[in-house]
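Report on the structure given below.
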Amino acid sequence: MLKDFPRMKFYSEALKKFGESGILTGKTVLDVGCGTGILSLLAARCGAARVIAVEASSMAEIAEKIVEKNGLSGVITVAHCSVE
C-alpha cells in the first residue's frame, strides 16, 4: 500500500479534510490491519484523540517503533492481535 501513491494521496487528503472540518477531533479511530501504521499516524496528526492500531502479524512490532519514533505513543496504541 505504501507504494500505491494515488491511494495514499487519497487517504491523506481525506484524513486532512476530516481533521480540518473537526470530524476527527476528540474521536477514537480503529485501524484494523494497520501494517506499518501509516493511516494511524495520519489520523493522529489530523486530530484523533486516540488511535487503536491492530495488526496480527509481526509487523505490529515495527508499527510500534514507527509510532514511538514519530512521538505519537500517547495517542496511538498498537495491539498485536487478531480482531476476530
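A single hydrophobic cluster is seen to contain both Ile66 and Leu42, as judged by linkage of ILVMFWY side chains at heavy-atom distances under 4.5 Å, directly or through other members. In the hydrophobic clustering of this structure, Val51 groups with Met59; members are Ile, Leu, Val, Met, Phe, Trp, Tyr whose side-chain heavy atoms approach within less than 4.5 Å, directly or through other members. If you chain together hydrophobic residues whose side chains sit under 4.5 Å apart, Leu39 and Leu30 never meet in one group.
For residues 49-71, the set of pairs meeting the side chain to side chain donor-acceptor pair (under 3.5 Å) definition, not counting sequence neighbours, comprises Arg45-Asn70, Glu55-Ser57.
To the nearest 0.5 angstrom, Ile62 atom CD1 is 9.0 Å from Thr36 atom OG1.
Looking only at side-chain heavy atoms (C-beta outward), Ile52 and Asp31 stay at 4.5 Å or farther from each other.
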| field | Worked check of side-chain contact (heavy atoms from CB on, under 4.5 Å) between Ser40 and Val29 | value | CA-CA 8 Å; Ser40 297; Val29 173; over 6 Å; no
Using residues 16-27 as the side-chain source, report each donor-acceptor pair under 3.5 Å to any protein atom, sequence neighbours left out, with the distance given to one decimal.
residue	atom	partner	partner atom	Å
Ser21	OG	Lys17	O	3.1
Ser21	OG	Phe18	O	3.1
Lys27	NZ	Ile23	O	3.4

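In this structure, the side-chain contact (heavy atoms from CB on, under 4.5 Å) partners of Ala63, at least two apart in sequence or on a different chain, are Cys34, Val78.
A pairwise comparison of heavy atoms in Leu15 and Ala43 identifies CD1-N, 4.0 Å as the closest pair.
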